[in-house]
Amino acid sequence: MKSLYTGEFVFNESKCKAVLSAKINSNTLHPTEIEGLNARTFEIAGIGGFQIVNYRSELSNFFDDENELISFNNFDDLKEKIQFYIGNENLRNKIAKAGQERAYNEHTYKIRLRTLMEKVFSN
């Protein structure tokens with residue numbers, strides 16, 4: 001694996017290419033993200049990539065699990081879902097497209113900042 005590591009930082013266009021070239025994007029959340037999601041969850045969805053992400057109870061407030069992305073509960077669950085989805089391109093594409101539409105409709109920076117400002121200044 002070390003021979004494959006380039007040391008390059010992946011962002012902007014190169015990140016989009018990387019996400020779209022992967023059949024499955026594994027989005028493992030850090031344990032300190034106790035109930036929250038990372039920015040990558042929204043980035044992968046916005047780019048239009050298919051992702052499998054650690055289950056968090058907050059997930060349902062942002063995406064429809066199984067229809068806009070896929071969650072997993074443990075390593076065995078992750079392996080099982082990778083094996084299933086790796087061979088189901090049409091379903092992967094359908095889920096990725098739905099996740100992208102949700103991200104565009106509800107999770108852009110503009111929408112999120114507007115919501116934040118409304119909450120801060122409504123009191």
Side-chain angles (χ1 to χ4, degrees):
M1 291 297 287
K2 286 184 179 181
S3 66
L4 298 175
Y5 178 66
T6 63
E8 289 181 49
F9 186 68
V10 180
F11 64 103
N12 294 337
E13 189 174 326
S14 63
K15 187 171 196 169
C16 293
K17 287 179 182 178
V19 165
L20 292 175
S21 68
K23 290 182 180 181
I24 296 174
N25 292 275
S26 175
N27 184 3
T28 54
L29 302 173
H30 193 275
T32 60
E33 293 167 318
I34 299 164
E35 291 300 325
L37 303 174
N38 58 19
R40 195 174 329 115
T41 307
F42 301 95
E43 293 168 348
I44 293 170
I47 292 168
F50 175 85
Q51 69 178 305
I52 298 180
V53 61
N54 291 90
Y55 174 79
R56 296 289 194 264
S57 61
E58 284 294 308
L59 187 62
S60 64
N61 292 326
F62 301 98
F63 291 99
D64 183 354
D65 192 4
E66 297 186 18
N67 291 307
E68 297 171 337
L69 51 64
I70 302 300
S71 72
F72 67 94
N73 293 304
N74 55 50
F75 188 68
D76 289 334
D77 189 30
L78 173 62
K79 288 191 318 185
E80 184 179 304
K81 287 178 177 175
I82 287 173
Q83 288 173 349
F84 175 79
Y85 286 104
I86 200 77
N88 286 284
E89 181 178 3
N90 290 337
L91 184 54
R92 282 195 326 265
N93 291 340
K94 179 181 175 185
I95 291 169
K97 182 175 172 44
Q100 185 177 43
E101 289 175 5
R102 179 77 174 262
Y104 283 178
N105 290 331
E106 296 181 25
H107 303 306
T108 63
Y109 283 110
K110 183 177 180 179
I111 292 168
R112 291 309 208 67
L113 284 171
R114 183 181 315 128
T115 302
L116 177 66
M117 296 306 222
E118 288 171 358
K119 293 209 181 276
V120 168
F121 293 109
S122 67
N123 294 328

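What you see is a predicted model, and the numbers here were worked out from it, not measured in a lab.
- Counting heavy atoms from C-beta on, the side chains of T41 and Q51 come closer than 4.5 Å.
- Between I82 and K79, the closest side-chain pair of non-hydrogen atoms is not below 4.5 Å.
- If you take NZ on K81 and OG on S26, they are separated by 12.5 Å, rounding to the nearest 0.5 Å.
- In this structure, Y55 has its ring center no closer than 6.0 Å to that of F72.
- One hydrophobic cluster, built from ILVMFWY side chains closer than 4.5 Å, cannot hold both Y5 and F9; they sit in different ones.
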Identify every side-chain donor-acceptor pair in residues 10-20 under 3.5 Å, counting partners at least two apart or on other chains, and give the distances.
unit_1: E13; atom_1: OE2; unit_2: K17; atom_2: NZ; d: 3.3
unit_1: S14; atom_1: OG; unit_2: F11; atom_2: N; d: 3.2
unit_1: S14; atom_1: OG; unit_2: F11; atom_2: O; d: 2.7
unit_1: K15; atom_1: NZ; unit_2: E43; atom_2: OE1; d: 2.5

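- Counting only distance, with no hydrogens or angles, the side chain of Y85 and the backbone of I24 share no donor-acceptor pair below 3.5 Å.
- The shortest non-hydrogen separation linking G99 to A45 is O-CB, 3.7 Å.
- Side chains of D65 and S71: a donor-acceptor N/O pair is present below 3.5 angstrom, by distance only.
- Note on F62 and L29: same hydrophobic cluster, where clusters join Ile, Leu, Val, Met, Phe, Trp and Tyr whose side-chain heavy atoms are under 4.5 Å apart, directly or indirectly.
- A heavy-atom distance below 4.5 Å is found between the side chains of V53 and L59.
- Under the 4.5 Å side-chain heavy-atom criterion for ILVMFWY residues, a single connected hydrophobic cluster contains both L91 and I86.
- Taking all atoms of both residues into account, the shortest heavy-atom contact from F50 to A96 is N-CB, 3.7 Å.
- How far CG of N88 is from NZ of K94: 12.0 Å, rounded to the nearest 0.5 Å.
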Side-chain polar contacts of residues 109-116 - donor-acceptor pairs under 3.5 angstrom, sequence neighbours left out - could you list them?
unit_1: R112; atom_1: NE; unit_2: H107; atom_2: ND1; d: 3.4
unit_1: R112; atom_1: NH2; unit_2: H107; atom_2: ND1; d: 3.3
unit_1: T115; atom_1: OG1; unit_2: I111; atom_2: O; d: 3.0

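- Annotation: side chain of N27 is in contact with side chain of I44 (closest heavy-atom distance under 4.5 Å).
- Of all heavy-atom pairs spanning N74 and D77, the tightest one is OD1-N, 2.8 Å.
- The existence of a salt bridge linking E35 and R56 is excluded, since no basic side-chain nitrogen approaches an acidic carboxylate oxygen closer than 4.0 Å.
- Here the side chains of F84 and E80 are not in contact, with every heavy-atom distance at 4.5 Å or above.
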Problem set entry | I70 and I95: CA distance, side-chain angles, deciding distance, side-chain contact (heavy atoms from CB on, under 4.5 Å) verdict | CA-CA 8 Å; I70 302 300; I95 291 169; 3.8 Å; yes
